[in-house]
Engineer: 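Dumping the structure here so I can ask a few things about it.
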Amino acid sequence: MMRFAQIITGIALALISCGLVWSAERFPPPDFESGHEMPSPTTPHPRQDIYEYIDVVVLLAALGLASYLVLKKRSRRAIFALTVFSLLYFGFWREGCVCPIGGTQNIVLSIFDAEYVVPITVAAFFLLPLVFTLFFGRTFCAAVCPLGAVQDLVLCRPVAVPSWAESGLRLLAYVYLGAAVLFAATGSAFIICRYDPFISIFRLTGDLNILILGACLLLIGVFVGRPYCRFICPYGVVLRQLSRLSRRRVTITPDECIQCKLCEESCPFGAIKKPAAKWSDQDYGIAKKRLGFFLLILPVLVLLGGWAGSSLKAVAARAHETVRLAERIYLEETGEVTETTDASAAFRATGKEIEELYADASSIRAQFGFGGWFFGGFAGLVIGLKLIGLSVWRQRTDYEADRASCLACGRCFEYCPREHVRLEQAKEVKT
Amino acid sequence: MGEDNKTINRRCFLRDSLWGASLVGLGMVAGAAARKHKKTDLIWQIDPYLCTSCTNCATYCVLEESAVKCVQVYAICGYCDFCPGYFELGASVLEPGAENELCPTGAITRTFVEEPYYEYTIDESLCIGCAKCVKGCAAFGNGSLFLQVRHDRCLNCNECAIAMACPSGAFKRVPADQPYLLKGESHA
């Protein structure tokens, strides 16, 4: 009965304190007379670090092999096999996390948040594909990235996307990258991970909306080659630019282009560029004027974009939980809403100062205002540079794979008659 | 011809310097990462002292059955006869049974140890992380029942869906070599 009295006092005490008092030891742990041993709670261990290191080694090996297969072996079949392996290993076995695309945000967060430290494996996952791209082109996209792999495998009936649509839609990826960096830098959210369309497929479970998004993208991907990689992937944007500078590049033909046009339609990603005819004097004159105009409006676009990006700060800042909480508390304080939410109740239970919360929220809003200039300015810059790029004539005498857009999948190899000559010769040498 | 060569050379030079700059840039990112790197992975865990038992853990996890489960730390449990984490507050008799128990899945077993003590054990295969027992135990008991991310189940998403939905900021990244934040143990 003593025990019962204790319980009553316990309840009474709890009611008096009228709040949640955590782990107050109201009842002393018992001394067992029967010698009963208290069990200890089980703590199942997480995936061991050694597996993370193995993942990095597999990534390194897959990148090396992909580069060899694309540039030296020139075998679509082998590239395809590696694609399937990457899908199984990085996609279904590792369940898609952490990937280089999402790793971008971890790196950004670690730069802006002094307290966040990137695990070395995440840093390796982010950096290795970039370094390989600087040397060998986008071989990561070709056969290592699981997101690319799953789309590559469903591509059955490729249709050509008009180049204006291609260029226009690609701007999405730049904006997505800018937004991802902004949200990661302010510590608000990892939007690349949240809206990763294929993660639910790799895990065979997940959010229904994301599952539908992924299924839709795969459905589109049957006809439009790799829609995520070309129009959305924010990491692809970085890879594009580094690939322009790569030491080695994917070549359609092993030696000289004979301009037979057989490869013209072979690329499902619209990455094969035709030889450029020299512009007529009239065209040249128009282009020159256009170029001058675009060069003039470039700073205007950057400023306009920056201003627009910055003026979105009040909306964008709501991605941060502190801002959402502060707005809720403000509504409650001013009496506009009467009931509390879980978050506002939890905040009030901590007994922290409301003014402090408001100050935190407004400093986060200011960060969004400042970051918004860079985000919008970046978007304006990308649009401006794209316009400038359209009015510049680039010398091209042969059919060649565009360094930036080429995903190094190797589909065009077998379309080239010179490639067949090479293969014949290789066979002869062997026999 | 000579002029052509010159433009090509200029372009090559520009490309090469950009290439070098990119490599140096990547090196700098690597350096910055290495300067304050962690050898161990970071994983998600709940700070039990911040958790408000809001039930989001049960519903927001990307897994069909949440990776968050209830943990019983026996060392701080009072072994109460009337366990406020086990029985409904208005339970008429202190007997097991759905009408008396808080746990919607019957995941807690109550075993008699000695008068007047009972031991409460969580069957993790049944626990859904709804935190009903946690709430009861925290309000009227010792708070020995609390939620933890179970790392045999957690996929360690780069952005944890529960962490994003957590109203009290109780989800944090912890180093993988100290994967649990158990009450009664000293931790930062």
Side-chain angles (χ1 to χ4, degrees), chain A residues 3-4 7 10-11 14 20 22-30 32-34 36 38-41 43-47 49 52 95 97-98 102 105-107 110-111 116-121 123 127 130-131 134 189-190 193-194 203 205-207 242 245 247 321 341-343 345-347 349, chain B residues 15 18-19 22-23 26 29-30 32-34 36-43 48-49 52 54 56 62-64 71-82 113-114 116-117 119 121 138-143 150-152 154-159 161 164 167-169 176 179-180 182-183:
Chain A
R3 199 71 189 164
F4 192 69
I7 293 166
I11 293 173
L20 308 169
W22 301 115
S23 80
E25 287 218 359
R26 301 190 177 95
F27 313 109
F32 295 117
E33 283 163 17
S34 58
H36 173 71
M38 277 184 199
S40 49
T43 50
H45 216 267
R47 196 170 183 261
D49 281 332
E52 309 289 333
E95 299 180 315
C97 241
V98 61
Q105 302 162 116
N106 300 59
I107 298 287
S110 82
I111 292 170
Y116 177 74
V117 180
V118 210
I120 200 145
T121 49
L127 284 168
L130 297 181
V131 174
L134 265 185
F190 279 7
C193 299
R194 189 179 301 177
R203 290 176 175 161
T205 172
D207 189 71
L242 293 183
L245 306 168
R247 293 278 94 177
E321 55 180 349
T341 59
D342 282 341
F347 170 75
Chain B
R15 254 174 49 88
L18 271 176
W19 184 85
S22 307
L23 204 61
L26 288 183
V29 172
K36 51 166 203 169
H37 73 278
K38 266 216 166 67
K39 281 212 182 68
T40 61
D41 216 5
L42 292 173
I43 53 179
Y49 295 101
T52 56
C54 68
N56 281 357
V62 294
L63 292 169
E64 214 167 315
V71 172
Q72 160 78 303
V73 172
Y74 300 92
I76 55 174
C77 177
Y79 283 77
C80 310
D81 179 6
F82 173 78
V113 182
E114 62 180 57
Y117 301 125
E119 190 164 84
T121 319
F140 304 117
N142 282 357
R150 306 303 277 170
H151 289 295
D152 49 342
C154 177
L155 297 178
N156 198 23
C157 300
N158 203 17
E159 183 186 72
M164 288 297 120
S168 59
Y180 292 90
L182 295 180
K183 281 186 182 177

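Protein chains get the first letters and strands the later ones, always in sequence-line order, with residue 1 at the start of each.
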Engineer: Between B:Cys77 and A:Pro30, which heavy-atom pair has the shortest distance, and what is it?
Structural biologist: O-CD, 3.8 Å
Engineer: Of all heavy-atom pairs between A:Phe27 and B:Phe140, which one has the smallest distance, and what is that distance?
Structural biologist: CE1-O, 3.4 Å
Engineer: Using side-chain contact (heavy atoms from CB on, under 4.5 Å), reason through A:Leu130 and B:Val29 one step at a time and then give a plain yes or no.
Structural biologist: CA-CA 11 Å; A:Leu130 297 181; B:Val29 172; over 6 Å; no
Engineer: Need one label for B:Ala32: side chain, backbone, both or neither, based on atoms under 4.5 Å from any heavy atom in chain A.
Structural biologist: neither
Engineer: Take B:Cys157 and A:Arg203 through the side-chain contact (heavy atoms from CB on, under 4.5 Å) test and state the conclusion after the steps.
Structural biologist: CA-CA 11 Å; B:Cys157 300; A:Arg203 290 176 175 161; 3.2 Å; yes
Engineer: Give me the atom names and distance for the closest heavy-atom approach of B:Ala75 to A:Pro29.
Structural biologist: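 Taking B:Ala75 first and A:Pro29 second, the nearest heavy atoms are O-CG, 3.4 Å.
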Engineer: Might you work through the side-chain contact (heavy atoms from CB on, under 4.5 Å) test for A:Asp342 and B:Thr52, ending with a clear yes or no?
Structural biologist: CA-CA 8 Å; A:Asp342 282 341; B:Thr52 56; 5.6 Å; no
Engineer: Looking only at heavy atoms, what is the nearest atom pair of A:Met38 and B:Tyr79, with distance?
Structural biologist: CG-OH, 3.3 Å
Engineer: Please state whether the side chain, the backbone, both or neither of B:Cys154 comes within less than 4.5 Å of a heavy atom of chain A.
Structural biologist: neither
Engineer: Please classify the contact between A:Ala189 and chain B as side chain, backbone, both or neither, with a heavy-atom cut-off of under 4.5 Å.
Structural biologist: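 Both the backbone and the side chain of A:Ala189 come within 4.5 Å of chain B.
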Engineer: Which atom names give the shortest non-hydrogen contact between A:Leu245 and B:Arg15, and what distance separates them?
Structural biologist: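 Result for this residue pair: CA-NH1, 3.7 Å.
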Engineer: Where the side chain of B:Glu159 meets the backbone of A:Phe190, is there a donor-acceptor pair that is under 3.5 Å apart?
Structural biologist: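 Present.
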Engineer: Going from CD on A:Glu52 to CG on B:Asn156, what distance comes out if it is rounded to the nearest 0.5 angstrom?
Structural biologist: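 Rounded to the nearest 0.5 Å, the CD-CG separation comes out at 7.5 Å.
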Engineer: Check each atom of A:Phe347 against the heavy atoms of chain B and say whether the ones under 4.5 Å are side chain, backbone, both or neither.
Structural biologist: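 Contact with chain B: none, neither part.
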Engineer: Counting only heavy atoms closer than 4.5 Å, note whether A:Ser40 contacts chain B via side chain, backbone, both or neither.
Structural biologist: backbone
Engineer: Chain A heavy atoms under 4.5 Å from B:Leu26: which part of the residue, side chain, backbone, both or neither?
Structural biologist: both
Engineer: Identify which part of B:Glu114 has an atom lying under 4.5 Å from any heavy atom of chain A, answering side chain, backbone, both or neither.
Structural biologist: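 Contact with chain A involves the side chain of B:Glu114 alone.
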Engineer: Working to the nearest 0.5 Å, report the span between CE of B:Met164 and CD of A:Glu321.
Structural biologist: 7.0 Å
Engineer: Shortest non-hydrogen contact from A:Gly102 to B:Asn158?
Structural biologist: O-ND2, 3.5 Å
Engineer: Could you look at A:Thr121 and say if it's the side chain, the backbone, both or neither that has a heavy atom under 4.5 Å from chain B?
Structural biologist: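 For A:Thr121, the contact with chain B is made by the side chain alone.
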Engineer: For the candidates A:Gly206, A:Pro46, A:Cys193, which exhibits the highest count of non-hydrogen atom pairs separated by less than 4.5 Å from chain B?
Structural biologist: A:Pro46
Engineer: Please look at A:Leu242 and chain B and tell me whether the side chain, the backbone, both or neither of the residue comes under 4.5 angstrom of a heavy atom of that chain.
Structural biologist: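 Only the side chain of A:Leu242 comes within 4.5 Å of chain B.
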Engineer: Please look at A:Val131 and chain B and tell me whether the side chain, the backbone, both or neither of the residue comes under 4.5 angstrom of a heavy atom of that chain.
Structural biologist: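 Interface part for A:Val131: both.
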Engineer: When you measure from the side chain of B:Tyr180 to the backbone of A:Pro44, do you find a donor-acceptor pair of N or O atoms at a distance under 3.5 Å?
Structural biologist: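 Yes: the side chain of B:Tyr180 pairs with the backbone of A:Pro44.
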